[in-house]
Amino acid sequence: MRLGLALGYWGRGPAADHVTLAREAERLGYHSVWTAESWGSDAFTPLTWIAAQTSRIELGTAVAQMAARSPTTTAMHALTLDHLSGGRMMLGLGLSGPQVVEGWYGRPFPASPLTATREYVGLVRQVLRREAPVALDGRFHRLPYSGPDGTGLGKALKPITHPLRADLPILLGAEGPKNVAQTTRIADGWLPLYWSPTRSGIYGPALAEAPESFLVAPMAQVRVCDDVPQGLLPVKAMLGFYIGGMGQAARNFHADLMARMGYEEEARRIQRLFLQGRRQEAVQAVPDAFADEISLVGPRERIAERLELWRKGPVTDLLALAPDPHTLRVLAELNA
């Protein structure tokens with residue numbers, strides 16, 4: 001199992017320690033470093049900044065939001081950074097949810113998310129392969145554009161820049177079982193949002209036909225500390241926000257995922273509290289047991305014991321949300 005460093009996205013402003021952590025991760029032999037985006041900092045610019053100050057570590061987006069860019073624009077970002085970094089780019093994509101897609105990007109959330117994802121990935125692949133002018137007469141994506149408000153002058157084009165790698169890895173952040181199953185067919189890897197090494201069987205059927213080279217790269221908060229309940233507070237804060245606030249009562253993919261993982265009653269309670277404006281209570285309502293099983297928190301010996309569970313399943317890459325160099329070092333030593 002390889003290690004990656006997940007840096008997420010910025011909060012109020014640029015994170016002062018991201019480059020320092022990325023360089024330390026590279027020194028320690030981590031395989032990859034990943035950035036993200038929501039509705040603030042973008043995923044590609046910080047990753048380019050990190051690429052310029054590292055030399056070996058792989059560079060990934062976990063995830064870049066599909067609604068933020070057309071498929072060809074995303075492919076341009078990926079092929080550009082792949083060239084600049086000497087072939088270190090991995091493209092992680094996610095559909096996001098209706099609240100963000102419609103509220104932030106001003107686009108309709110696709111009625112068929114699987115079809116929209118399949119079309120998007122297919123177009124990115126066309127750009128990277130550069131075998132022919134990029135074209136698709138899809139349900140959600142049409143190149144050249146042929147809508148009634150167009151000029152009719154659009155022309156199918158090949159990228160001017162020759163991509164460095166036609167097989168640049170594409171990973172998808174998928175949550176529902178059908179979406180995960182499709183991911184095994186159209187992508188090179190999967191980026192699970194929450195992963196419990198004791199419940200990996202819930203995705204057994206979806207992963208059944210994954211090729212041998214398929215990557216399973218979940219993110220997990222990692223924190224070396226003596227006080228486990230205190231160390232779990234940031235995990236619970238994240239869960240409270242995603243399960244309570246990243247969506248709405250009738251359609252929240254993160255809450256649905258928590259429910260499928262055996263915590264349906266708790267997930268709905270977190271949602272209710274958060275939507276009522278009782279955010280601190282929503283965080284407190286996150287069960288310690290759930291926060292604990294999707295993270296690695298506690299003294300070194302405890303993390304070492306629990307890390308064995310992660311190694312036994314299908315996980316190929318553990319993407320650690322690690323807040324400090326000491327935690328990075330301990331995890332590297334335990335995984336050696």
Side-chain angles (χ1 to χ4, degrees), residues 1-2 4 6 32 34 36 43 60-67 71 74 90-101 109-125 139-140 167-220 238-239 242-243 246-247 251-264 267 290 293-295 309-319 321:
M1 185 176 69
R2 303 181 302 194
S32 55
W34 302 75
T61 54
V63 295
Q65 295 172 326
M66 289 185 246
T74 294
M90 293 183 288
L91 180 61
L93 299 170
L95 200 58
S96 193
Q99 212 174 36
V100 175
V101 172
F109 188 78
S112 176
L114 270 68
T115 302
T117 299
R118 189 166 58 250
E119 290 180 3
Y120 198 104
V121 171
L123 284 168
V124 172
R125 298 270 197 209
R139 177 178 175 183
F140 298 99
D167 59 351
L168 185 153
I170 298 175
L171 298 89
L172 295 177
E175 294 185 39
K178 291 182 180 179
N179 203 347
V180 175
Q182 174 176 266
T183 297
T184 67
R185 298 190 295 271
I186 67 172
D188 303 295
W190 173 40
L191 296 161
L193 179 61
Y194 311 137
W195 179 268
S196 169
T198 61
R199 299 176 193 266
S200 59
I202 66 171
Y203 287 113
L207 293 173
E209 297 182 11
E212 187 176 344
S213 61
F214 190 75
L215 304 177
V216 177
M219 282 182 282
M238 175 273 293
L239 288 169
Y242 272 71
I243 292 162
M246 292 284 272
R251 197 166 191 183
N252 183 314
F253 301 135
H254 310 313
D256 293 344
L257 174 58
M258 182 178 175
R260 286 196 300 275
M261 294 178 76
Y263 294 90
E264 181 168 9
F290 181 58
E293 67 181 87
I294 65 168
S295 63
L309 296 174
W310 290 76
R311 289 200 188 97
K312 290 178 181 178
V315 173
T316 60
D317 297 76
L318 170 60
L319 310 186
L321 287 154

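Positions are given from 1 along the sequence. Quantities reported herein were computed from a predicted structural model and do not represent experimental measurements.
- Contact check for I294 versus M261: side-chain heavy atoms found under the 4.5 Å cut-off.
- The shortest heavy-atom contact between V100 and S96 is CB-OG, 3.3 Å.
- Between A62 and A36, the closest heavy-atom pair is O-CB, 3.3 Å.
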**Request:** Would you check, one step at a time, whether the test side-chain contact (heavy atoms from CB on, under 4.5 Å) holds for T61 with L91?
**Result:** CA-CA 6 Å; T61 54; L91 180 61; 3.8 Å; yes
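- Rounding to the nearest 0.5 Å gives a distance of 5.0 Å between CE of M1 and CG of L318.
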**Asked** Which is it for V216 and Y203 under the side-chain contact (heavy atoms from CB on, under 4.5 Å) test, yes or no, and what are the steps along the way?
**Response** CA-CA 11 Å; V216 177; Y203 287 113; over 6 Å; no
**side-chain contact (heavy atoms from CB on, under 4.5 Å) between W34 and M90, intermediate numbers included** = CA-CA 9 Å; W34 302 75; M90 293 183 288; 3.4 Å; yes
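- In terms of heavy atoms, I243 sits closest to A267 at CG2-O, 3.9 Å.
- Panel note: side chain R139, backbone E119; no donor-acceptor pair is recorded below 3.5 Å.
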**Request:** Apply the test side-chain contact (heavy atoms from CB on, under 4.5 Å) to residues F109 and L95: give CA-CA distance (whole Å), side-chain angles for both, the deciding distance (0.1 Å), then the verdict.
**Result:** CA-CA 9 Å; F109 188 78; L95 200 58; 4.0 Å; yes
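- Atom OH of Y263 is separated from atom CG of L257 by 12.5 Å, given to the nearest 0.5 angstrom.
- Distance check: T74 OG1 to Y120 OH gives 2.5 Å after rounding to the nearest 0.5 Å.
- Screening L172, L93, L319 for a side chain to side chain contact (heavy atoms under 4.5 Å, CB included) involving L191 leaves a single residue, L319.
- Considering all non-hydrogen atoms of both residues, P110 and F140 come closest at CB-CE2, 3.7 Å.
- With hydrogens and angles disregarded, no donor-acceptor distance shorter than 3.5 Å links the side chain of W190 to the backbone of V180.
- Between the side chain of D188 and the backbone N or O of I170 there is at least one donor-acceptor pair closer than 3.5 Å.
- Counting all heavy atoms, side chain and backbone alike, D317 lies closest to P218 at O-CD, 3.2 Å.
- A donor-acceptor contact shorter than 3.5 Å links the side chain of R260 to the backbone of E175.
- Remark: T183 OG1 to R185 CZ distance equals 8.5 Å, nearest 0.5 Å.
- Closest approach of F214 to A187, counting heavy atoms only: CE1-O, 3.7 Å.
- Of the N and O atoms on the side chains of E293 and S196, at least one donor lies less than 3.5 Å from an acceptor on the other residue.
- Using a 30° and 60° split on the angle between ring planes, Y194 and F290 fall in the perpendicular class, above 60°.
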